[in-house]
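All remarks here apply to the structure that follows.
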Amino acid sequence: MSAAAVEDAYRLVYASTQPWLRLARSRNAASDSKADRARWDAWIAALTPSSHGIRGTWSQACLLAALGREMLRALRETLVPCLSVGSVAQEIQQRIEHGTLTPFARIRRRTPAKALRVPASYVGLALVDLAATELVEVSASGHAAVPSAGGQVAATGWRQRIAIGANGAGAA
């Protein structure tokens, strides 16, 4: 790919996303979730043109376009009124504290998302926030589970249940 083509790709991505950065900043400022603010920060930083000019490869331009698409999709999700990510985290926390989600229960994103009428990405972000408080554990693959009273998920049993696709008892 020529340098001119790469530069054109960057300019196209920046031109497509610049009108939306102000809204992204407002969504970031209004967020009640550390994980949600982190993703908005990452998108805003990546999609704000550098004062040093455009430098990068075609692959980096493609990654930038993917980030722009993700940010625009997230902005579209925010147009529908629903619970905030922080509120979703509180709902999951209440389910754990009340025993609806029992120790070792796998938390699937779609089930609480459907019940709470929020995007599945909100559940994922809420789980990241809850993992920071050690209320849930999120594996490297993104699976989440409620730890035991001792504070850990039984790794072997959890992996076995994931491998066979079994639902955890009381899973949301």
Side-chain angles (χ1 to χ4, degrees), residues 6-98 100-101 105-147 171-172:
V6 171
E7 193 170 320
D8 286 344
Y10 271 85
R11 284 198 178 111
L12 181 60
V13 172
Y14 290 141
S16 300
T17 57
Q18 290 312 296
W20 301 102
L21 285 180
R22 191 169 127 199
L23 182 58
R25 286 184 186 99
S26 71
R27 295 298 191 251
N28 185 13
S31 179
D32 58 356
S33 162
K34 187 175 181 178
D36 193 27
R37 286 189 305 275
R39 77 176 180 154
W40 288 114
D41 285 340
W43 286 328
I44 292 165
L47 295 166
T48 300
S50 171
S51 59
H52 302 296
I54 296 172
R55 295 183 191 155
T57 64
W58 179 253
S59 297
Q60 290 168 329
C62 291
L63 291 173
L64 187 66
L67 289 173
R69 186 179 64 239
E70 287 175 17
M71 184 189 75
L72 293 173
R73 284 183 178 160
L75 285 171
R76 186 183 65 204
E77 287 177 347
T78 67
L79 296 176
V80 178
C82 65
L83 293 174
S84 66
V85 174
S87 297
V88 172
Q90 288 175 343
E91 288 287 332
I92 295 170
Q93 181 176 351
Q94 287 176 355
R95 290 179 183 191
I96 293 168
E97 290 170 353
H98 292 118
T100 307
L101 288 170
R106 182 172 170 196
I107 304 171
R108 301 173 188 276
R109 285 165 176 72
R110 289 189 179 153
T111 306
K114 188 174 179 181
L116 298 171
R117 294 186 175 149
V118 298
S121 63
Y122 282 28
V123 175
L125 292 165
L127 292 171
V128 169
D129 285 341
L130 292 171
T133 65
E134 299 181 358
L135 195 59
V136 299
E137 288 186 8
V138 179
S139 69
S141 63
H143 294 110
V146 179

Flag the pair Arg108 / Val123 as yes when at least one side-chain heavy-atom distance between them is below 4.5 Å, and no otherwise.
no
Kindly compute the distance separating CH2 (Trp40) from OG (Ser26), expressed to the nearest 0.5 Å.
8.5 Å
Got Val13 and Leu67 here, is their nearest side-chain heavy-atom distance under 4.5 Å?
no
Using side-chain heavy atoms (C-beta onward) and a distance below 4.5 Å, is Arg25 in contact with Thr48?
yes
Within the structure provided, determine whether Val6 and Gln60 are in side-chain contact (heavy-atom separation under 4.5 Å).
no
Side chain to side chain donor-acceptor pair (under 3.5 Å) partners of Gln18, counting only residues at least two apart
none
Contacts of type side chain to side chain donor-acceptor pair (under 3.5 Å), residue Glu70, not counting sequence neighbours
Trp43
For Arg69, side chain to side chain donor-acceptor pair (under 3.5 Å) partners two or more places apart:
none
Considering all heavy atoms, the nearest Leu47-Tyr14 contact
O-CD2, 3.5 Å
What's the shortest heavy-atom distance between Ser31 and Arg37, and which atoms?
O-NH1, 3.2 Å
Run the side-chain hydrogen bond (donor to acceptor under 3.5 Å, both in side chains) check on Thr57 and Ser59 step by step: do they pass?
CA-CA 5 Å; Thr57 64; Ser59 297; 4.6 Å; no
CG-NE2 distance between Leu101 and His98, expressed to the nearest 0.5 angstrom
12.0 Å
Mind checking side chain to side chain donor-acceptor pair (under 3.5 Å) for Asp41 and listing every partner two or more places apart, or none if nothing turns up?
Asn28
CG of Leu75 to CG of Leu23, rounded to nearest 0.5 Å, is 5.0 Å
Spacing of CH2 belonging to Trp20 relative to CD1 belonging to Ile44, to within rounding of 0.5 Å
14.5 Å
Would you list the pairs meeting side-chain hydrogen bond (donor to acceptor under 3.5 Å, both in side chains) in which at least one residue belongs to residues 72-89, sequence neighbours left out?
Arg27-Thr78, Asp32-Ser84, Glu77-Ser121, Ser84-Ser87
If you compare all heavy atoms of Arg106 against all heavy atoms of His143, which two are closest, and at what distance to 0.1 Å?
NH2-CD2, 2.5 Å
If you look at every heavy atom in Tyr10 and Gly56, which pair is closest and at what distance?
OH-CA, 3.5 Å
Report the residues that fulfil side-chain contact (heavy atoms from CB on, under 4.5 Å) with Leu135, sequence neighbours left out, ordered by chain and then residue number.
Gln93, Ile96, Leu130, Thr133
What one should report as the nearest heavy-atom pair of Thr17 and Gly68 is CG2-CA, 3.9 Å
Val85 and Leu125: which non-hydrogen atoms are nearest, and at how many Å?
CG1-CB, 3.7 Å
